[in-house]
Amino acid sequence: MNKNFLSLPDFTNNDSVFKAIITLRRMLHAMPETGFYEWKTMEFLINLLKDTKGSITFMSQETAQNLRTLIPKIDKPHKFLGTDVTVTGFKITFNLDPEHKKTKKHLAVRSDIDGLSIPESSDPNHVPARYGFNAVNDAMHACGHDGHMAIALMSALWVNANLALLYKSDLSAISFIFQPAEEGCRGALAVIDSGFLQDIDFIYCYHLGLGVPSGYIVPCPSDFLASCKFTLEVLGKKSHAGHPELGINALKVTASFIEKALNLLDLKKGLYVNMSNLHCEGACNVIPDHCSLDGEIRVLDEKNLDHLYFQIEKIIANESNAVPGSSYQLLKKGVGLGIRQDTALCKKVEQAAHKLKLNVMPHFKFNASEDASQLIRHLQKQGKQGCYFMIGSDIAAPHHNSSFDFDEKSLINGFNVIKELILSELP
């Protein structure tokens, strides 16, 4: 890593920032890690931020215990800046009120940092493969989180370079939250549990792509899907396949559950059900005694989420009862909520886009789930504010696809919007 990288971008020169942010994105793209395993990603980010004037805070070790059904246990802590860290993710805060003369007004920007368990395409027509920054570790940034990090990181470096100016703003502090495990809607719960939001007054979250073309900003997308991820483990008893009456078939329970649960899918009612990662190892002449899978439900109307999950619970209970001696464990692994946007913040995003001469798309249905919803909801319950906006970027393939890639030119737009949101707090 170039030790002089912190001084590389000339923030008075848009082209200099443009080149630097693309370099950052490509370096991050080549090191994808899945949720709560983003240790190399953290090291990369912290190495670029540790010499700034920001204060870095890590996830508390208690969070790993409090959310033990979500966060994988590690053999030993990782050491960052002399601190033992057991959960990925961190916050960096720039104090803009060292003399304590301002009314408290703490702005936060959140970026997700995880990738997906998807092997990346090696097709030479795939831009990361063509230019040698594609991932080769059976994971990839197939949802733009590498771009999200590059935008947040460059914004944090810009704040550090402009502290003298920002001391004059109405802001008392600016924080950048680098959140793990957005995929699966788990990481926001860790952010909340670790107290990262305790001093925050308003937060901006964002996403690249998702069908919004390059050059556009969506200040206030709607129709976020509420979702619940779960795991299912079914236990039975092995026996010779020639004597099935002596065994308890875990696969029979699991297969019946999958069939009936998938029948709950109803697009007209906005009910979505999906399963993946089915594991049922063993020989074909042995009755299987163990099966597991991952699943999720999504609903357009958040009020239907608990009811749909109750139906999932009811189905697995009935199917297990139908095979005497079988047992199961159904665990929630993450929950995404709907987002009620704070229009005052959305208006600021719109004004920033207009100032930058970017196109504004006033209406866009998100039609996906996002665990930034947990962060925004948590703040709103305390009378604080949150906004989720979108940065247009043409994509080469759908999100969560091995050929996914986005228009890198959109990164500078995201950076400039965040910069303008911060500058809007100047008197």
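Everything numeric in this text was worked out from a predicted model, so none of it was measured.
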Query raised in the report: Of Arg110, Glu38, His145, which meets side chain to side chain donor-acceptor pair (under 3.5 Å) against Gln179?
Result: Arg110

Report task. Among Lys104, Gln382, Lys105, find the one that has a side chain to side chain donor-acceptor pair (under 3.5 Å) with Asp201. Result -> Lys104

Please name the pair of heavy atoms, one in [X] and one in [Y], separated by the smallest distance, quoted to 0.1 Å.
| X | Y | result |
| --- | --- | --- |
| Phe58 | Ile46 | CE2-CD1, 3.4 Å |
| Ser172 | His106 | OG-N, 3.8 Å |
| Glu425 | Lys348 | OE2-NZ, 2.6 Å |

Side chains of [X] and [Y]: closer than 4.5 Å at any heavy-atom pair?
| X | Y | result |
| --- | --- | --- |
| Leu116 | His400 | yes |
| Asp170 | Lys102 | no |
| Tyr216 | Asn413 | no |

Whether [X] and [Y] hold their rings parallel, tilted or perpendicular, with breakpoints at 30° and 60°:
| X | Y | result |
| --- | --- | --- |
| Phe230 | Tyr309 | perpendicular |
| Trp39 | Phe80 | parallel |
| His399 | Phe404 | tilted |

Query - Glu370-His207 side chain donor-acceptor pair, cut-off 3.5 Å - result: no

Query raised in the report: Does one side chain, of Glu296 or Ser227, offer a donor that lies under 3.5 Å from an acceptor on the other?
Result: no

Side chain [X], main chain [Y], donor-acceptor under 3.5 Å:
| X | Y | value |
| --- | --- | --- |
| Asp97 | His100 | yes |
| Ser320 | Tyr328 | no |
| Asp371 | Gly187 | yes |

Query raised in the report: In chain order, what residues pass the salt bridge (charged side-chain N to carboxylate O under 4.0 Å, His left out) check against Lys333, with sequence neighbours excluded?
Result: none

Requested in this report: Drop me the distance from Ile21's CD1 to Phe415's CZ, to the nearest 0.5 angstrom.
Outcome: 7.0 Å

